[in-house]
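The basis for the numbers below is simple: all heavy atoms, side chains too, and nothing from hydrogens, waters or symmetry mates.
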Amino acid sequence: MKKLFVILFMLFSVNLLTNAQTVAENGPEITFEKTTHQFGEIPFNGNGTYEFVFKNTGNEPLILSQPKSSCGCTVPEWPKKPILPGETDVIKVTYKNTNRPGSFSKYVTIFSNAKTNNQVKLYIKGKVLEEQSEALPTKDNTFMNASPVNNPNF
């Protein structure tokens, strides 16, 4: 009789643990294709915008709240509507100082109602090149000045 009681108790415990895991898995999840983008070299006043692609891999709607950027020169745009399970969307991050030469490394923190990754940092890195000064071509007048009158060696 004791063995039967122990076996029933063990089956009941395993059943409770299995149900508890199922409940813990419910909820939205955010999964990014990548969390760092390397621009490389950006021309002076060039395009410093990248779209980070993400997917709701959970089983409930994903809601993003206002992201926080590391400085005012990094501006995020995010979807304001709930992202349904299985849907994909983008967070657009723009580096606005492409008129300031030099290297940069910035990030944006994304906040959501995801169960495990409710705060994710998206990084952008690169180097803005120096402004190119365009030199206009000059006219070579050496032939025009070469005449027998002005040049005794002609």
Side-chain angles (χ1 to χ4, degrees), residues 1-140:
M1 185 70 170
K2 258 186 174 179
K3 288 183 181 179
L4 180 62
F5 177 72
V6 170
I7 291 173
L8 286 175
F9 178 74
M10 288 177 68
L11 287 173
F12 179 73
S13 298
V14 168
N15 188 29
L16 281 177
L17 289 174
T18 305
N19 286 339
Q21 284 181 339
T22 303
V23 171
E25 292 175 4
N26 286 336
E29 286 299 334
I30 188 166
T31 305
F32 284 89
E33 287 183 359
K34 67 181 197 173
T35 56
T36 301
H37 177 69
Q38 178 59 255
F39 282 104
E41 294 181 339
I42 299 175
F44 190 85
N45 279 331
N47 182 0
T49 299
Y50 184 75
E51 291 184 347
F52 289 92
V53 178
F54 69 93
K55 183 176 185 175
N56 179 358
T57 54
N59 57 11
E60 292 181 10
L62 175 70
I63 300 170
L64 303 178
S65 57
Q66 183 164 357
K68 181 181 176 186
S69 61
S70 58
C71 73
C73 61
T74 307
V75 181
E77 292 179 37
W78 70 100
K80 312 300 189 280
K81 63 176 180 52
I83 311 303
L84 299 178
E87 282 187 353
T88 300
D89 212 325
V90 296
I91 295 173
K92 186 169 149 182
V93 178
T94 301
Y95 179 65
K96 289 193 152 209
N97 285 345
T98 59
N99 62 346
R100 290 187 185 170
S103 297
F104 65 91
S105 179
K106 305 294 180 183
Y107 67 88
V108 174
T109 306
I110 306 301
F111 301 97
S112 71
N113 66 334
K115 290 295 181 187
T116 56
N117 286 337
N118 59 1
Q119 291 184 25
V120 179
K121 286 188 178 181
L122 303 177
Y123 296 90
I124 56 170
K125 300 175 182 184
K127 179 180 179 183
V128 177
L129 298 175
E130 296 283 335
E131 183 175 19
Q132 296 295 317
S133 58
E134 291 186 37
L136 296 174
T138 57
K139 187 174 181 182
D140 184 12

query = Does a side-chain N-to-carboxylate-O contact under 4.0 Å join D89 and K81?
reply =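 Salt bridge between D89 and K81, a charged N being under 4.0 Å from a carboxylate O: yes.
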Please report the shortest heavy-atom distance between [X] and [Y], naming the atom on each side.
{"X": "C73", "Y": "K106", "result": "SG-CE, 3.8 Å"}
{"X": "P101", "Y": "E130", "result": "CB-OE2, 3.6 Å"}
{"X": "E29", "Y": "N117", "result": "OE1-N, 3.9 Å"}
{"X": "E60", "Y": "P85", "result": "N-CG, 3.5 Å"}
{"X": "I91", "Y": "W78", "result": "CG1-CB, 4.3 Å"}
{"X": "G126", "Y": "Q38", "result": "CA-OE1, 3.4 Å"}

request  = Please lay out, stage by stage, how F32 and L122 fare under the test side chain to side chain contact (heavy atoms under 4.5 Å, CB included).
outcome  = CA-CA 9 Å; F32 284 89; L122 303 177; 3.8 Å; yes
Rounded at 0.5 Å granularity, tell me how far [atom1] in [X] sits from [atom2] in [Y].
{"X": "F104", "Y": "K125", "atom1": "CZ", "atom2": "NZ", "result": "11.0 Å"}
{"X": "E131", "Y": "L129", "atom1": "CD", "atom2": "CG", "result": "11.5 Å"}
{"X": "T109", "Y": "K121", "atom1": "OG1", "atom2": "NZ", "result": "5.0 Å"}
{"X": "I110", "Y": "S65", "atom1": "CD1", "atom2": "OG", "result": "9.0 Å"}
{"X": "E51", "Y": "E77", "atom1": "CD", "atom2": "CD", "result": "8.5 Å"}

Residue pair N47 / I42, side-chain heavy-atom distance below 4.5 Å =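 Not in contact.
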query = Would you say the side chain of T98 lies within less than 4.5 Å of the side chain of F44, judging by non-hydrogen atoms?
reply =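 They are not in side-chain contact.
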request  = State whether a side-chain donor-acceptor pair under 3.5 Å links S69 with T74.
outcome  =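 There is no such pair between these side chains.
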query = Between N99 and N45, do the side chains contain an N or O donor and an N or O acceptor separated by less than 3.5 Å?
reply =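 Short answer, no.
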query = Among N56, N113, L64, T57, which residue meets the side chain to side chain contact (heavy atoms under 4.5 Å, CB included) test with I30?
reply =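 Testing each of N56, N113, L64, T57 against I30, the sole residue satisfying side chain to side chain contact (heavy atoms under 4.5 Å, CB included) is L64.
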key: Test side chain to side chain contact (heavy atoms under 4.5 Å, CB included) applied to P28 and L84, L62, T116, the passing residue   =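 Only one option passes, and that is L62.
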message = Is the distance from the ring center of F52 to that of F54 below 6.0 Å?
response =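 That pair fails the under 6.0 Å test.
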inquiry  = Please check this pair: side chain of T94 against backbone of K96, looking for a donor-acceptor N/O pair closer than 3.5 Å.
reply    =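 Such a contact is absent between T94 side chain and K96 backbone.
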inquiry  = What verdict does the side chain to side chain contact (heavy atoms under 4.5 Å, CB included) test give for T49 and V93, after you've listed the backbone C-alpha separation in whole Å, the side-chain angles of each residue and the deciding distance to 0.1 Å?
reply    = CA-CA 6 Å; T49 299; V93 178; over 6 Å; no
ask   = Within a reach of under 6.0 Å around NZ of K34, are more than 12 heavy atoms found that belong to other residues, nucleotides or ligands?
value =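 Result for NZ/K34: enclosed.
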ask   = Relative to the ring of Y50, is the ring of F39 parallel (under 30°), tilted (30 to 60°) or perpendicular (over 60°)?
value =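 It falls in the perpendicular class, over 60°.
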